[in-house]
Number of protein chains: 2
Amino acid sequence: MGIVERKEREKQMRREMILQAAETVFFEKGLRAATLDEIAEKAEVSKGTIYLHFASREDLYYSLMTRGLLLLLKMFRDVKPEDADPAKVLYKLADAYLKFSQEQSYLFKMLAVVENPAVSEQVSPEVSSDLEEASDGILTYVAGFVQRGMDDGIFRSDISSHEAVILFWVSLNGILNLKERSLAMKKNNCLKAESIIGSVDFDVLYGMCQHYLVDFLTQEETRKLSGRNAARKPKVVQKHSKAVTQK
Amino acid sequence: MGIVERKEREKQMRREMILQAAETVFFEKGLRAATLDEIAEKAEVSKGTIYLHFASREDLYYSLMTRGLLLLLKMFRDVKPEDADPAKVLYKLADAYLKFSQEQSYLFKMLAVVENPAVSEQVSPEVSSDLEEASDGILTYVAGFVQRGMDDGIFRSDISSHEAVILFWVSLNGILNLKERSLAMKKNNCLKAESIIGSVDFDVLYGMCQHYLVDFLTQEETRKLSGRNAARKPKVVQKHSKAVTQK
DNA sequence: TATATTTACTGACTGGTGGTCAGTTAATAA
DNA sequence: TTATTAACTGACCACCAGTCAGTAAATATA
């Protein structure tokens, strides 16, 4: 009896149509200005139907973000790291993330909202948990390569792969976010060229950061940190020790 | 004739009262759930009066953020870097930022909203420009120390002080934001302990990042990058070159 | 086939909120 | 005493997220 399956398929299609329309409208109008009426109209569906699929406006928005993250994960998987060098893989993943931010710029901008705790609180637990799962899926995927590098002895191991991945994510994502912000402000003419954010070439900075992050991981742990706590309260700055030995 | 001055003072006080009330309400209810009626009531002022001082809800919110940034700048200035070592100053500034995120956690959370381009577009140019100015003031303040370190030859100079400051900001701020997010999710019970974000101790990570960022700046530029573009497309990974020379 | 039940969907309606503005009050100027 | 200006008020409007009684169609039952 394929009726149940067909119904399920149709339900998913409806959901997909709504998500598609929402993506367009949220992108065009922004989170605040977009209205559900408009989304309903664009999806050729009544407003009530939207609420059959999503518990609230925020849930709909978060579902879009989850979809975005899944796409990002797909792009990461498409990197196809056939060569075994984890450092190269990390480079390629960072490249892929830059590409994602450019090609799917509306999705990328939407993802920045997750940073905002005020919005997060309005979301139902399941949807929030879905997003968390997708987010963790990406981080775990990347962490796998980092861990492999550590196991192979290529990467330093005075830092956990989890911490390393967070560092990667935070730095690269932060640069891309600031880039978007500076672009937005330039468009609004409220960014002076002599300001710091206005004067930095974020694409160049991204490349540099990408380089140094991988480089940081490929260094051996020569610092005087025996454990983690040593990094916590660094009273003594060893400003010349390294530089001298390197000369 | 001190009448004009007195009026101006009173006007500023009114504004201050509104901001104070708004801060409380926005913090208690979140950006979306907070209402102007409630703010008006708490400020002992009619709703119309709010609009004499702020053009919109978003403007009010952004003004709060600007105030928050000015407080942060004050905390940075209080670091009183009497010792001339720029590396130590950067440490202390990072410590101060951590302190800010802890002691003024609601202000810190509010500042994360600036990352969201969808909100930024709803704000009047002047207010947006105020915020930008405050933000730039902080970055410029920090950049001064970085530049001094470079001039003194303590810091590497294959990266501009502007870029270095952005890197600092992005990394440290990103870690603290993720920390807040993980705390919020733990409170909502939608963060599995085995997930990456759930397993990282962000305070430790912050300390490590703080350490490595300063350390990165105090390294000499031994890499094969002659200019910036070299960092853009790094095809060759020099995974052992540094580690070997350091041994 | 006729009837009952379930499922999917609709769109008018409601409550609440951001934002407005005609009108009030009070201080100052003429 | 009267006119003018400035600060402030709160009733009011437009709009929108979210609801729910009702419709239509598909499926199950008789």
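Owing to the predicted nature of the structure, the values given are computational and were not obtained by experimental measurement. Here is how names work: the chains are called A, B, and so on, in the same order as the sequence lines, proteins then strands, and each is numbered from 1.
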Pair [X] + [Y]: basic N to acidic O under 4.0 Å:
{"X": "A:K42", "Y": "A:E23", "result": "no"}
{"X": "B:E16", "Y": "B:K11", "result": "no"}
{"X": "B:R32", "Y": "A:E58", "result": "yes"}
{"X": "B:K99", "Y": "B:D95", "result": "no"}

Open item on the list: To the nearest 10°, give me the bend of the helix from C:dT1-D:dA30 to C:dA30-D:dT1, comparing the axes of its five terminal pairs at either end.
Closed with: 20°
What does the list of N/O pairs under 3.5 Å between the protein and nucleotides 21-23 of chain D look like, with a distance for each?
none

Starting at [atom1] of [X] and ending at [atom2] of [N], how long is that distance when rounded to a whole Å?
{"X": "A:H53", "N": "D:dG18", "atom1": "NE2", "atom2": "P", "value": "16 Å"}
{"X": "B:I50", "N": "C:dT20", "atom1": "CD1", "atom2": "C1'", "value": "14 Å"}
{"X": "A:E38", "N": "D:dC15", "atom1": "CD", "atom2": "P", "value": "13 Å"}
{"X": "B:L52", "N": "C:dG19", "atom1": "CG", "atom2": "P", "value": "14 Å"}
{"X": "B:Y61", "N": "C:dG19", "atom1": "OH", "atom2": "C1'", "value": "20 Å"}
{"X": "A:E41", "N": "C:dT10", "atom1": "CD", "atom2": "C1'", "value": "15 Å"}

TODO: Could you check which residues of residues 10-23 of chain B get a heavy atom under 4.0 Å from DNA chain C? Sort them by number, please.
DONE: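 Nothing qualifies; none.
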- [ ] Kindly compute the distance separating CG (A:L176) from CZ (A:F108), expressed to the nearest 0.5 Å.
- [x] 4.5 Å
Open item on the list: My understanding is that only residues two or more places apart in sequence, or in another chain, count here; which of them pass ring-ring contact (aromatic ring centres under 6.0 Å, His included) with A:F100?
Closed with: none
Task: With sequence neighbours excluded, residues passing ring-ring contact (aromatic ring centres under 6.0 Å, His included) with B:F168 - done: none
TODO: Tell me whether the OP1 or OP2 atom of D:dC8 has a side-chain N or O from B:S46 closer than 4.0 Å.
DONE: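 For D:dC8, neither OP1 nor OP2 has a side-chain N or O of B:S46 closer than 4.0 Å.
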Check whether any side-chain N or O of [X] sits under 3.5 Å from a backbone N or O of [Y] as a donor-acceptor pair, and report yes or no.
{"X": "A:Q210", "Y": "A:Y91", "result": "yes"}
{"X": "A:D136", "Y": "B:I196", "result": "yes"}
{"X": "B:S128", "Y": "B:S124", "result": "no"}
{"X": "A:T24", "Y": "A:Q20", "result": "yes"}
{"X": "B:E163", "Y": "A:V200", "result": "no"}

Distances for protein N or O near nucleotides 14-18 of chain C N or O, under 3.5 Å:
from, atom 1, to, atom 2, distance (Å)
C:dG18, OP1, B:A34, O, 3.3
C:dG18, OP1, B:R57, NE, 2.9
C:dG18, OP2, B:L36, N, 3.0
C:dG18, N7, B:K47, NZ, 3.1

Open item on the list: Between A:Y212 and B:F216 (judged by ring centroids, cut-off 6.0 Å), do the two rings come close enough to count as a pair?
Closed with: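 Ring-ring flag for A:Y212/B:F216: true, centres closer than 6.0 Å.
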